[in-house]
Amino acid sequence: KAGVTQTPRYLIKTRGQQVTLSCSPISGHRSVSWYQQTPGQGLQFLFEYFSETQRNKGNFPGRFSGRQFSNSRSEMNVSTLELGDSALYLCASSPAGVNEQFFGPGTRLTVL
Amino acid sequence: EDQVTQSPEALRLQEGESSSLNCSYTVSGLRGLFWYRQDPGKGPEFLFTLYSAGEEKEKERLKATLTKKESFLHITAPKPEDSATYLCAVRPREDYGQNFVFGPGTRLSVLP
C-alpha cells in the first residue's frame, strides 16, 4: 500500500511570493492534516480536512490556507511568504474513526 | 492549555545500553498518546498508540507504557539503527481547534 506522498519535496521561494504544496493521502484515508516543523517550535498543527471540510485549525495567520478535493488529496497555500515560513511542511492522513496519523516525507520550504 | 514535554532533550547510549525516554503531558481529557520516530529529513514514522493508564505496547526493542501523567519509551539493548528523534504526541478529547499536540522530541544517538 502506497504511503502519503507530498510534492514538491523541496522549494525555494523569495519573500512576498506565494506557494502551494500538495499531499496525496494513503488510499482510503479521508482525513488529512498539515503540520509545520521548525527547529525552534517543533511540530505545530496547521489544519485538518475531512471530506473536503476544514474540521480543525491551529493558531496560524490567515496567510496559511488549505483545501481538500473529492479524492481526498489536499493542497496547502501560503501567501506573502516571510522568512519565518521556512520549515518542513508535513502532511498526515488517517482513516475515518481512527486516531493514528501517518505522515508523508514532507516538503522543505526555504524562503530567501 | 494542552502541553507535552519530553526528557531528556538528547541521549547518547552505547550499543546494548538500555534506557528510557520520558513524555509528560497535561491535557484536557486524553483521546490517545502516540509515539513516533523521525529520521533526519523524513516524516515521523508511527510507532505506538496508548489509550489508558496501565497500557503497554511492544515492538522489537521498544516498549511504551502509559500512566495518568506521563509515558515512557523503554529501549532495550539498542542498536545504532535505533538512532533517531523520538516524538510523543497527545490527542485531546476535546480538540478545541487543535489536532495532535507534539512534544519537542528526544534525539537518541546509539554508538557502536
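Below, chain A is the first sequence line, B the second, and so on; all start at residue 1. On a predicted model such as this, the values are computed, not experimentally measured, just so you know.
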Tell me, for [X] versus chain B, whether the close heavy atoms (under 4.5 Å) come from the side chain, the backbone, both or neither.
X	result
A:Gln101	both
A:Phe47	neither
A:Leu43	both

Checklist entry - Checking B:Glu45 against chain A: side chain, backbone, both or neither under 4.5 Å from a heavy atom? => result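 For B:Glu45, no heavy atom lies under 4.5 Å from chain A.
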
Checklist entry - Side chain, backbone, both or neither: which part of B:Pro104 has an atom under 4.5 Å from a heavy atom of chain A? => result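 It is neither, since no heavy atom gets under 4.5 Å.
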
Checklist entry - side-chain contact (heavy atoms from CB on, under 4.5 Å) between B:Phe100 and A:Tyr35: does it pass, once the steps are laid out? => result CA-CA 9 Å; B:Phe100 279 31; A:Tyr35 293 84; 3.2 Å; yes

Checklist entry - Would B:Phe46 and A:Phe103 count as a side-chain contact (heavy atoms from CB on, under 4.5 Å) if you check the C-alpha gap in whole Å, the side-chain angles of each, and the deciding distance to 0.1 Å? => result CA-CA 8 Å; B:Phe46 171 75; A:Phe103 284 83; over 6 Å; no

Item to check | B:Phe102-A:Phe45 aromatic ring centre distance below 6.0 Å | outcome: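 For B:Phe102 and A:Phe45, the ring centres are not under 6.0 Å apart.
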
Count the heavy atoms of every other residue, nucleotide or ligand shown that sit under 6.0 Å from [atom1] of [X], and state whether that count exceeds 12.
X	atom1	result
A:Arg63	CZ	yes
A:Arg55	CZ	yes
B:Glu9	CD	no
B:Arg12	CZ	no

Next on the checklist: Could you check whether any side-chain heavy atom of B:Lys42 comes within less than 4.5 Å of a side-chain heavy atom of A:Leu90, counting everything from C-beta outward?
Outcome noted: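 SC-SC contact between B:Lys42 and A:Leu90 ruled out.
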
Item to check | Within one Ile-Leu-Val-Met-Phe-Trp-Tyr cluster: B:Phe72 and B:Leu87, side-chain cutoff 4.5 Å | outcome: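 The answer is no; the residues belong to distinct hydrophobic clusters.
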
Item to check | Selection from A:Ala92, A:Pro105, A:Gly42 maximising heavy-atom pairs under 4.5 Å formed with chain B | outcome: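 Winner by heavy-atom pair count: A:Pro105.
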
Checklist entry - Closest approach of A:Glu100 and B:Tyr51, non-hydrogen atoms and distance? => result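 Heavy atoms of A:Glu100 and B:Tyr51 come nearest at OE2-OH, 3.5 Å.
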
